[in-house]
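In what follows, a single structure is set out as structure tokens and then discussed.
If you read the sequence from its start, that first residue is 1, and numbering goes on from there. None of the values given here were measured: they were computed from a predicted structure.
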Amino acid sequence: MSPEREQLLCDALVNLGPVETEQGLHAEGVRKIQEVLNCTLADARTTLRELRVRKRIEETAMPIEQLDQPPFRWVLPST
């Protein structure tokens, strides 16, 4: 996959915004990858796993004291 396409996917994941549960975050991430790449569920799961393993995208949880919005979201790793 080209670096431009990877960046497009990472941006799409970050733009999903906060989600209520960790499972929901992963499900929405896979759904978004399927939408962007027009690929199968299995391919989308593999792509998300590869992005995470290669540290192109990370999941994060908001601290408990900031729970005025759902806690889980995708973020770009700090450099």
Side-chain angles (χ1 to χ4, degrees):
M1 180 180 317
S2 73
E4 294 81 15
R5 186 154 228 160
E6 277 189 358
Q7 190 60 51
L8 177 71
L9 285 175
C10 292
D11 291 343
L13 292 171
V14 168
N15 288 332
L16 284 173
V19 179
E20 288 289 334
T21 65
E22 189 174 6
Q23 293 89 347
L25 181 70
H26 287 265
E28 287 298 311
V30 168
R31 183 192 59 74
K32 181 53 79 175
I33 290 170
Q34 277 187 288
E35 181 183 305
V36 171
L37 297 181
N38 192 29
C39 64
T40 66
L41 178 62
D43 287 344
R45 285 179 177 156
T46 299
T47 299
L48 181 58
R49 183 174 32 249
E50 287 174 2
L51 290 172
R52 292 181 71 211
V53 165
R54 291 181 36 243
K55 305 244 187 257
R56 295 285 287 135
I57 194 81
E58 295 176 345
E59 66 180 67
T60 188
M62 300 283 288
I64 294 295
E65 56 274 359
Q66 295 179 8
L67 285 184
D68 56 331
Q69 59 180 311
F72 297 96
R73 64 176 18 154
W74 293 109
V75 295
L76 298 174
S78 303
T79 55

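- Looking at Val14 and Ile57, their side chains come closer than 4.5 Å, going by heavy atoms from C-beta outward.
- Residues Leu76 and Gln7 form a side-chain contact, since some pair of their non-hydrogen atoms from C-beta on lies under 4.5 Å apart.
- Taking CG of Leu51 as the reference point, atom CD of Glu58 lies at 12.0 Å (rounded to 0.5 Å).
- His26 pairs with exactly one of Glu59, Arg31, Arg45, Arg49 by the side chain to side chain donor-acceptor pair (under 3.5 Å) rule, that one being Glu59.
- Taking each heavy atom of Pro18 and Arg73 in turn, the nearest pair found is CD-NH2, 3.0 Å.
- Between Cys39 and Ala44, the shortest heavy-atom distance links the atoms SG-N, 3.7 Å.
- In terms of heavy atoms, Lys55 sits closest to Pro77 at O-CG, 2.9 Å.
- Leu41 and Leu13 fall within the same hydrophobic cluster, defined by Ile, Leu, Val, Met, Phe, Trp and Tyr side-chain heavy atoms under 4.5 Å apart, directly or through other members.
- Checking Val30, Thr60, Val19 one by one against Leu25, the side chain to side chain contact (heavy atoms under 4.5 Å, CB included) holds for a single residue, Val19.
- The neighbour count for Asn38 CG, taken as heavy atoms of other residues, nucleotides or ligands under 6.0 Å away, does not exceed 12.
- The distance from atom CD of Glu28 to atom OG1 of Thr21, rounded to the nearest 0.5 Å, is 9.5 Å.
- Rounding to the nearest 0.5 Å places CG of Leu8 at 9.5 Å from CE of Met1.
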For Glu20 and Phe72, run side-chain contact (heavy atoms from CB on, under 4.5 Å): C-alpha distance rounded to whole Å, both residues' side-chain angles, the deciding distance at 0.1 Å, then the answer. CA-CA 6 Å; Glu20 288 289 334; Phe72 297 96; over 6 Å; no

Walk me through it: do Arg5 and Leu37 pass the test side-chain contact (heavy atoms from CB on, under 4.5 Å)? CA-CA 9 Å; Arg5 186 154 228 160; Leu37 297 181; 3.1 Å; yes

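- Atoms OG1 and CZ, on Thr47 and Arg56 in that order, are 13.0 Å from each other to the nearest 0.5 Å.
- To the nearest 0.5 Å, atom CD1 of residue Ile33 and atom SG of residue Cys10 are 8.5 Å apart.
- Trp74 is listed as a side-chain neighbour of Leu48, based on a closest heavy-atom distance under 4.5 Å.
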